Amino acid sequence: MPYSYDDQNIFAKILRGEIPNDTVLETGHSLAFRDIHPQAPTHVLVIPKGAYVCYDDFAQNASDAEILDYTRAIGEVCRLMKVEENGFRLIANAGTAGVQEVPHLHVHILAGRPLGRMLAPA
Ligand code: DGP
């Protein structure tokens, strides 16, 4: 499915420096920053710098260099946040059913408390 990217989304504005963010890590192709509404003591968002709507768009259309950088950046943030020992969760919401609010690919890194089961009952 072809994806249409809205360059006015909030993360595009963060990438252009139009609104501030609390950066945790910046690499050649990725940016990690703290979520404005944290759901856990550690709640960091990792985004690719390229214009990708969701994980599927990224996996289909990003370059190998972008995919390598992004994958490694997520791991590096986990180490920076020291979440490996007690555990953590990665979430990448997509589309309507996934309740994706910001249409620029982002992985949530959540940690620092027991996170409960993966999904609440519907
Ligand atoms: P999602 O539902 O997966 O699209 O989550 C979007 C997340 O983005 C949500 O946890 C709140 C966060 N967020 C929204 N606007 C901003 C912002 O301006 N700055 C930061 N740091 N996070 C934001």
Side-chain angles (χ1 to χ4, degrees):
M1 150 179 171
Y3 290 96
S4 166
Y5 183 80
D6 170 14
D7 69 5
Q8 293 307 305
N9 78 75
I10 201 87
F11 295 167
K13 292 180 181 180
I14 285 176
L15 285 166
R16 290 195 295 267
E18 293 169 11
I19 60 171
N21 73 91
D22 186 356
T23 298
V24 169
L25 176 73
E26 181 166 10
T27 66
H29 292 292
S30 308
L31 180 69
F33 52 91
R34 293 184 192 277
D35 195 290
I36 205 167
H37 296 129
Q39 307 286 316
T42 297
H43 189 168
V44 176
L45 302 171
V46 190
I47 67 174
K49 290 182 176 176
Y52 302 105
V53 174
C54 64
Y55 193 88
D56 178 49
D57 186 13
F58 184 70
Q60 283 190 62
N61 298 311
S63 68
D64 289 358
E66 291 175 295
I67 291 170
L68 182 65
D69 180 294
Y70 187 60
T71 304
R72 292 235 192 268
I74 292 167
E76 192 172 342
V77 172
C78 289
R79 291 189 295 281
L80 284 170
M81 297 290 105
K82 303 186 189 311
V83 301
E84 314 96 302
E85 187 174 336
N86 289 320
F88 58 94
R89 182 170 294 160
L90 306 181
I91 297 174
N93 296 317
T96 306
V99 196
Q100 180 181 11
E101 291 172 22
V102 181
H104 181 115
L105 170 60
H106 49 286
V107 165
H108 298 254
I109 300 175
L110 294 150
R113 67 168 172 82
L115 295 167
R117 295 192 63 82
M118 187 165 62
L119 293 175

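As the structure lists them, so they are numbered: ligands from 1, and atoms in each ligand from 1. This is a predicted model, so every value here is computed, not measured.
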Has Arg113 got more than 12 heavy atoms of other residues, nucleotides or ligands less than 6.0 Å from its CZ?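 Yes, CZ of Arg113 has more than 12 neighbouring heavy atoms, counting only those of other groups under 6.0 Å.
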Heavy-atom count check: over 12 atoms from other residues, nucleotides or ligands less than 6.0 Å from Glu85 CD? no
Interatomic spacing from CG in Leu31 to OG1 in Thr23 - rounded to 0.5 Å: 5.0 Å
Backbone N/O of Gln60 and side chain of Tyr52: donor-acceptor pair under 3.5 Å: no
Centroid-centroid distance, Phe11 to Phe33, less than 6.0 Å: yes
Do Arg16 and Asp7 touch side chain to side chain, with heavy atoms closer than 4.5 Å? yes
Are there any protein N or O atoms under 3.5 Å from the N or O atoms of ligand 1? List them with distances, or say none.
{"from": "ligand 1", "atom 1": "2 (O)", "to": "Val99", "atom 2": "O", "distance (Å)": "3.0"}
{"from": "ligand 1", "atom 1": "2 (O)", "to": "Glu101", "atom 2": "N", "distance (Å)": "3.3"}
{"from": "ligand 1", "atom 1": "3 (O)", "to": "Asn93", "atom 2": "ND2", "distance (Å)": "2.8"}
{"from": "ligand 1", "atom 1": "3 (O)", "to": "His106", "atom 2": "NE2", "distance (Å)": "2.8"}
{"from": "ligand 1", "atom 1": "3 (O)", "to": "His108", "atom 2": "NE2", "distance (Å)": "2.8"}
{"from": "ligand 1", "atom 1": "4 (O)", "to": "Glu101", "atom 2": "N", "distance (Å)": "2.7"}
{"from": "ligand 1", "atom 1": "4 (O)", "to": "Val102", "atom 2": "N", "distance (Å)": "3.0"}
{"from": "ligand 1", "atom 1": "4 (O)", "to": "His106", "atom 2": "NE2", "distance (Å)": "2.9"}
{"from": "ligand 1", "atom 1": "5 (O)", "to": "His106", "atom 2": "NE2", "distance (Å)": "3.3"}
{"from": "ligand 1", "atom 1": "5 (O)", "to": "His108", "atom 2": "NE2", "distance (Å)": "3.4"}
{"from": "ligand 1", "atom 1": "10 (O)", "to": "Asp35", "atom 2": "OD1", "distance (Å)": "3.2"}
{"from": "ligand 1", "atom 1": "10 (O)", "to": "Asp35", "atom 2": "OD2", "distance (Å)": "2.5"}
{"from": "ligand 1", "atom 1": "21 (N)", "to": "Arg34", "atom 2": "O", "distance (Å)": "2.9"}
{"from": "ligand 1", "atom 1": "21 (N)", "to": "Ile36", "atom 2": "N", "distance (Å)": "3.4"}
{"from": "ligand 1", "atom 1": "22 (N)", "to": "Ile36", "atom 2": "N", "distance (Å)": "3.2"}

